[in-house]
Amino acid sequence: MERYKILEELGDGTCGSVYKARDWRTNEIVAVKKMKRKFFFWEEYWRLREIKVLRKLNHPNIIKLKEVVRENNEVFLIFEYMNYNLYQIMKEQRRPFSEDEIRSFMSQLLHGLNHLHRSGYFHRDLKPENLLVTNDVLKIADFGLAREVSSVPPYTEYVSTRWYRAPEVLLQSKLYTPAVDMWAAGAILAELFNLSPIFPGESEIDQLFKICCVLGTPDLTIFAEGTNASRLYGIINYEKILPANLSDIIPNASPEAIDLIQQLCSWDPSRRPAADESLQHPFFHVGWVPHSLRDPLDLKLSIMGAKPTLELKLSDFGAEPEDCFLGLTLAVKPSVPEFDVVHDVSQHTKEDSLFCSGLEDHSGRSVVQAKFRASCSEENFFSSPSKASNYLDSLLKCQGKFRISLLGY
């Protein structure tokens, strides 16, 4: 360990302590996990579950184990260094995360889980503290409780921090599956919106009660044989609890996010989508929104058998300050080759708009092309395409398939 200089302690756990260190040879910052247990033979620490799992995993959303060092019967695991964990970020967050930020975190988590599960393992201890983040890149860490999917039950009863523990584990099932990771992912998704746990139980029984308060009391027939459903009897026999409206609990979440949380946090493990299935959920594909408008152009194009998409473009600002305006053009993006490029040249802008050459009624162009102008006043001047996009999101509250594309200026 002479090549590593310990800089500070980052955390202390049951199995080991984690330190920030510097590699003398490369000047690289690393994380060093010092195992508390003594290891007297090489074979002992090579059988460590965390080492065994991480040696087989290589994915951008899973923490990288760089080296294992044994010195004086002590074992040190050398990891790539990450600046924060997700719990720290949520704790210091002064405003709610945007849905795009949440979508990015969850997409990375699910990609990492998909690789983990496909490699034959499940984590069993997913929680914000075990999700490390640097420059918005998220990586799953701490595989000390990971198990092989093919390993023979019974499994350990105590799995994961209580707030992220799946109901089947709380009910002491010995036959749980990688679906326990998907439950934890759903709880983390809800927490990213509220910046507080959705199931903050003070004991295992209180944890079950908190889950019932959100999801309602379950049908006991969904649980596998050997599950200790008697832990629920006191809750169920006292009074049947109806499921809460999740939109009231998480008011800033979109309907797509609510639906994904409900699917992941299902009492029935078999109904929870796998990681790859979750990535196909509409929550991760919200660039497309339903469209119910039926206009003349749509009717004419339907006759042609083509379904064009609509693209929103940001035109250039004028050269002079007094001529500044935001020009936004809503135009058909071609899905068939019979489209001509029409140049619209006005006093201050030059824009290319696309029109179908097969249309005889040129007055239909008024349906295709709609320009929005925002003067360079203090109230409505947009300083960036992202601000313009946010404004347009509020304008285009119609059902349809709009693709928003903002061009630089």
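What you are looking at is a predicted structure, and each value in this text was computed from that prediction instead of being measured.
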Paired with E67, the salt bridge (Lys or Arg N to Asp or Glu O under 4.0 Å) test is passed by just one of R25, R3, K33, namely R3
Atom CZ of residue position F209 - does it have more than 12 heavy atoms of other residues, nucleotides or ligands inside 6.0 Å? no
Residues E202 and K210 bridged, charged N to O under 4.0 Å: no
Going by atom types only, do K127 and Y87 share a side-chain donor-acceptor pair under 3.5 Å? no
Side chains of D181 and H117 only: does a donor on one sit below 3.5 Å from an acceptor on the other? yes
Step by step, work out the ring-ring contact (aromatic ring centres under 6.0 Å, His included) result for F76 and Y4. CA-CA 11 Å; F76 302 86; Y4 297 104; 9.0 Å; no
So how far is it from D276 CG to H111 NE2, rounded to the nearest 0.5 Å? 9.5 Å
Modelled atom types, side-chain donor and acceptor of E99 and S254, under 3.5 Å: yes
Identify which one of H59, Q108, E80 satisfies the side-chain hydrogen bond (donor to acceptor under 3.5 Å, both in side chains) criterion when paired with K139. E80
With a 6.0 Å cut-off (strictly less than), is the heavy-atom count around CZ of R95, excluding the residue itself, greater than 12? yes
Do D268 and S270 have a side chain donor and acceptor closer than 3.5 Å? yes
Can you confirm whether K36 is buried at NZ, in the sense that more than 12 heavy atoms of other residues, nucleotides or ligands lie under 6.0 Å from that atom? yes
Salt bridge flag under 4.0 Å for residues R124 and D142: no
Do other residues, nucleotides or ligands put more than 12 heavy atoms under 6.0 Å from the CG atom of N58? no
Between R231 and E204, is the closest basic N to carboxylate O distance under 4.0 Å? yes
Holding to salt bridge (Lys or Arg N to Asp or Glu O under 4.0 Å), I want the full list of residues that pass it with E277, two or more places apart in sequence or in another chain. none
Run the salt-bridge test on E28 and K20 with the 4.0 Å N-O cut-off and return the result as yes or no. no
